[in-house]
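Throughout, a chain's letter reflects where its sequence line sits, starting with A, and its residues are numbered from 1.
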Amino acid sequence: MLKEKLERCLCQAVQEAQKKGELPPVTMAQVSVERTQNSKHGDFASNLPMKLARSMQTSPLLIAEQILEHLPRLPEIADVIVAPPGFVNFVLRKEWLARQVNNILSARETYGDSVLDEECRIQFEFVSVNPTGPLHVGHGRGAVLGSTLANVFKSAGYSVEREYYINDVGSQITNLGGSLYTRYLQCLGKEASLPADAYMGDYVIDIAREIVDEYGEKFLVLSSDEASAELGRIGVCRLLKVIEKELALLRVDFDSWFREKSLYETGQYQYVMDLLRDRGYVQEREGAVWFETTALGDEKDNVLVRGDGLPTYFASDIAYHYNKFLVRKFDRVVDIWGADHQGHILRMQAALRALGIEPERFTVMICQMVSLRRGEEVVKASKRSGNIIALKEVIDEVGVDACRFHFLSRSADSQMDFDLELAKKQSDENPVYYVQYAHARIASILRIALEREIDYSGGDVSLLVAEPELSLIRQLILFPEVRDTVIATLEPQYLPYYARDLATSFHSFYKQCRVISDDEELSRARLKLIEASGIVLARVLGMMGITAPERM
RNA sequence: GCGCCUAUAGCUCAGUGGAUAGAGCAUCGGUCUUCGGAACCGAGUGUCGGGGGUUCGAAUCCCUCUAGGCGCGCCA
């Protein structure tokens, strides 16, 4: 990419100057070229002279002048300018910019895609909600984040897998079974009271009723433990279907649904526990089995097997991550967890260390809480959904596109205040519609061109020299860089902000430049430009899982 | 008490150690309105929570204090 090319040139220029003795022969500093924030400073800028100033004991401006002197000429660059206090600024050549329109048009929906030198398999695990109830808003945030990151990495050439981890064993499932059993008995007119920490949501009653309709009194003959276990299994199945459906509404789907239970069925859980024991990390005390994570960097030790003989969530999670890294051999794994799981990070990292897995292969993203408001009023959790704010209600009210855009616009690190009233009131002014409108507008003009049978395939892009045209092209070619920023930071909020900026550039161009006019040559060139704009808009919207409408 | 996250314009939030800290909404004013006005152009508003430090340069890195959120179970 151009940025790297400029960095190499700068490096060369410094070495050249050093060879000629025009700059002191000190060790080279880290060369970096960045996009400028202000177009007055050109397109790219480097701070290299300021970084070298100290070791060279020379003023940054003088160093910059020397670099300029030895910088090779590049076809992409029209001008290189030294600016105080010591920047080297690059201005892109207009002809080169205009040619990029043809690049976009020939790459079309693959524009910006790249291929990695070596295959890299990356897994994103997200949502992974216990199948004990419907999804709430916070789950939606993680879902949108994960699915978007997966899209972004795919476009950068990674081999991506999206996984949902199903906790289908453990006390929560036992509890679900117990709750369902009570509701089942009640549906059949029997006296029964709910367990102390039962799932209270009305959805439990609905499922119990369905089970009565389907199986009748079949479970009455079983012992309460057997019946509860059986009903728990059925409940998990049904709730998973509900969860899958709700995620599909949000346009989130998975390549793999991994069942915790399978870790026990295949013996992997036992294998990993033995492994930890063999390596001397395991101790029995106070009637339980402990993993000595303190020695591996955690703040405290953690229990693997409880006094009652049942494994903890932590224990199976170690086996699960063993499976990810050492059985399925992902090069990299990204887990997206809610803020309430933050305390789980240190001990998982400790566990991976014990298993000999390089820590840089494992990333945990923490997604902060979402609270829902309607103006001043805090939206209360509904009893129906079991004391949560259901994701589905928010999707129904706000719409998928606006919902995804809204989630993506906030950094995962900050808590989110989702104001439904604002989201609805602004629906026309909502940035997501602003971006989509740009796409629809383009589609509309292209339809007219088609009606009038204007063939612009041979349009001459070198006619694109007006400032609105060039700034639009400058925005268009930022797309691959924005994508790479998301790859580097795992922060997708760059996408919605970029999409908005691109739409602004287009709308501004549209206002100032008539696309289809009496000047047929110019019309053809501009049709190319707007088609390229539509392609990039559709790409960035697509990455975010948002539709790019032809009409609205 | 300990750990993680957050504090930026009236509101909701961006900001990858650089140049005059930016958007949207809200407010005020203008454009034009025959390719889609769900548009365009302009204006104002800031002790970047407080205080120290590192740096040629800090909203950004370090320390500290304050405020809020979330954790700190033989739950998941």
Side-chain angles (χ1 to χ4, degrees), chain A residues 32 34-38 40-41 45-47 50-51 53-54 59-60 83-87 89 128-130 132 167 169-173 175 197 260 286-290 299-300 302-314 316-317 338-346 366-369 371 406 409-419 422-423 425-431 433-434 436-438 440-449 452 484-485 488-489 491 493-494 496-497 500-501 503-504 506-517 523 526-527 530 551-552:
Chain A
S32 72
E34 299 293 334
R35 279 284 178 178
T36 55
Q37 279 180 358
N38 188 327
K40 268 197 332 221
H41 303 129
S46 177
N47 58 1
M50 287 179 282
K51 283 191 167 163
R54 167 168 281 204
S59 95
F87 289 103
N89 294 335
S128 299
V129 182
N130 289 341
T132 55
N167 297 114
V169 279
S171 54
Q172 314 268 7
I173 301 302
N175 189 0
D197 47 358
E260 181 182 1
E286 299 156 44
V289 179
W290 292 76
E299 298 156 329
K300 54 182 175 34
N302 292 279
V303 170
L304 289 173
V305 183
R306 311 190 310 208
D308 60 8
L310 293 174
T312 59
Y313 167 80
F314 178 46
S316 62
D317 223 19
D340 51 341
H341 282 62
Q342 173 271 129
H344 192 54
I345 299 177
L346 269 182
I366 289 297
C367 209
Q368 295 296 322
M369 304 267 141
S371 62
H406 198 72
S409 301
R410 270 88 188 149
S411 137
D413 285 336
S414 31
Q415 285 172 61
M416 212 174 141
D417 224 10
F418 203 119
D419 188 340
L422 209 67
K425 196 171 107 192
Q426 294 176 357
S427 70
D428 282 3
E429 311 280 338
N430 203 311
Y433 300 117
Y434 176 84
Q436 289 180 319
Y437 179 63
R441 229 180 188 182
I442 290 168
S444 166
I445 303 171
L446 293 177
R447 276 195 298 273
I448 290 167
R452 300 192 192 163
D484 287 345
T485 304
T489 59
E491 295 185 9
Q493 70 266 23
Y494 291 92
Y497 284 94
R500 236 199 56 79
D501 289 345
T504 299
F506 169 74
H507 285 310
S508 176
F509 154 80
Y510 174 88
K511 190 71 179 180
Q512 296 173 73
C513 303
R514 196 177 166 87
V515 178
I516 300 174
S517 67
S523 299
R526 286 183 172 165
L527 280 165
I530 67 159
R551 289 188 168 84
M552 43 192 300

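Of the candidate nucleotides B/U16, B/U12, B/G36, B/G36 has the atom nearest to the side chain of A/Ile445. Ranking B/G36, B/A19, B/G24 by closeness to the A/Arg500 side chain, first place goes to B/G24. Comparing B/A38, B/C40, B/C35 against the side chain of A/Arg514 picks out B/C35 as the nearest. Each of B/G15, B/G18, B/U16 was ranked by its minimum atom distance to the side chain of A/Glu491; first place goes to B/G15. With B/C41, B/A19, B/A14 as the candidates, the nucleotide lying closest to the side chain of A/Gln493 is B/A14. For A/Ala45, counting side-chain heavy atoms from C-beta on, the closest listed nucleotide (B/C40, B/C35, B/A19) is B/A19.
Among the heavy atoms of the strands lying under 4.0 Å from A/Ile448 are primed sugar atoms or P, OP1, OP2 only; no base atom is included. Residue A/Ala438 is classed as having no contact, given no heavy-atom separation below 4.0 Å to the nucleic acid. Using a 4.0 Å heavy-atom distance criterion, A/Thr489 is classed as making no nucleic acid contact. Contacts of A/Ala440 with the nucleic acid, taken as non-hydrogen atoms under 4.0 Å apart, include base atoms. Residue contacts for A/Cys367: at a heavy-atom cut-off of 4.0 Å it reaches no nucleic acid atom on any strand shown. Heavy atoms of A/Ser411 sit under 4.0 angstrom from primed sugar atoms or phosphate atoms, though from no base atom. Across all strands shown, A/His507 has heavy atoms under 4.0 Å from sugar-phosphate atoms exclusively, and none from any base.
One finds the OH atom of A/Tyr434 at 5.5 Å from the CZ atom of A/Arg500 (value rounded to the nearest 0.5 Å). Once rounded to the nearest 0.5 Å, the distance linking CZ of A/Phe314 with NE2 of A/His344 reads 6.5 Å. The distance from atom CH2 of A/Trp290 to atom OG1 of A/Thr312, rounded to the nearest 0.5 Å, is 10.5 Å. Residue A/Cys367 holds its SG atom at 12.5 Å from NE2 of A/His341, rounded to the nearest 0.5 Å. The CG atom of A/Asn167 sits 4.5 Å away from atom CG of A/Asn130, with the distance rounded to the nearest 0.5 Å.
Here the two rings, on A/His406 and A/Phe418, have centers that are under 6.0 Å apart.
Taking the nucleotide of RNA chain B with the nearest heavy atom to each of A/Thr36 and A/Ala443, the more 5' of the two is matched to A/Thr36. Closest-nucleotide positions on RNA chain B for A/Thr504 and A/Tyr437 were compared, and the one nearer the 5' end corresponds to A/Tyr437.
The shortest distance between the side-chain N/O atoms of A/Tyr494 and the OP1/OP2 oxygens of B/U16 is below 4.0 Å. Distances shown here put every side-chain N or O of A/Ser409 at or beyond 4.0 Å from the OP1 or OP2 atom of B/A23.
Between the P atoms of B/C4 and B/C63, the separation comes to 10 Å (whole Å). For the P atoms, the distance linking B/C72 with B/C11 amounts to 33 Å, nearest Å. With both ends at atom C1', the span from B/G49 to B/G68 equals 11 Å, rounded to whole Å. Annotation: B/A23 and B/A9 have their C1' atoms spaced 11 Å apart (nearest Å). When the C1' atom is used for both B/G22 and B/U60, the distance is 15 Å, rounded to whole Å. B/G50 sits 10 Å from B/U8 when the P atoms are compared, rounded to a whole Å. Rounded to whole Å, the C1' atom of B/C70 lies 40 Å from the corresponding atom of B/C56. When the C1' atom is used for both B/G69 and B/G10, the distance is 24 Å, rounded to whole Å.
In this structure A/Ser316 satisfies the side chain to side chain donor-acceptor pair (under 3.5 Å) test together with A/Glu260, sequence neighbours excluded. Every residue two or more places apart in sequence or in another chain that forms a salt bridge (Lys or Arg N to Asp or Glu O under 4.0 Å) with A/Arg526 is listed here: A/Glu469. The side chain to side chain donor-acceptor pair (under 3.5 Å) search around A/Lys300 returns A/Asn302, not counting sequence neighbours.
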> Could you write out RNA chain B as a dot-bracket string, with dots for unpaired bases, | for bases paired across to another strand, and Watson-Crick or G-U pairs counted at under 3.5 Å?
Replying inline: (((((((..((((....[...)))).(((((.......))))).....(((((..]....))))))))))))....

> How does protein contact run along nucleotides 53-62 of chain B, one letter per nucleotide 5' to 3', with B for base contact, S for sugar-phosphate only, - for none, heavy atoms under 4.0 Å?
Replying inline: --SB------

>> Counting primed atoms plus P, OP1 and OP2 as sugar-phosphate and everything else as base, spell out the protein contacts along nucleotides 64-76 of chain B at 4.0 Å heavy-atom distance: B, S or - for each nucleotide, 5' to 3'.
In response: ----BSSSS-BBB

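Using modelled atom types, one side-chain atom of A/Arg514 and one backbone atom of A/Ile516 make a donor-acceptor pair closer than 3.5 Å.
Evaluation of atom-type donor-acceptor distances gives a pair under 3.5 Å for the side chain of A/Asn89 against the base of B/A19.
Side chains of A/Arg441 and A/His507 form a contact here, defined as non-hydrogen atoms less than 4.5 Å apart.
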> For A/Tyr494 and A/Thr489, what are the C-alpha separation, side-chain angles and deciding distance, and is it a side-chain hydrogen bond (donor to acceptor under 3.5 Å, both in side chains)?
Replying inline: CA-CA 10 Å; A/Tyr494 291 92; A/Thr489 59; 5.1 Å; no

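Remark: the A/Ser171 side chain and the A/Tyr313 side chain contain no N/O donor-acceptor pair separated by less than 3.5 Å.
Residues A/Leu310 and A/Asp308 approach most closely at N-OD1, 3.0 Å, considering heavy atoms.
At whole-Å resolution of the value, CE in A/Met416 and P in B/A7 are 15 Å apart. Per the geometry, CZ belonging to A/Arg35 stands 24 Å off P belonging to B/A14, to the nearest Å. A/Asp419 has its CG atom 14 Å from the C1' atom of B/G24, to the nearest Å.
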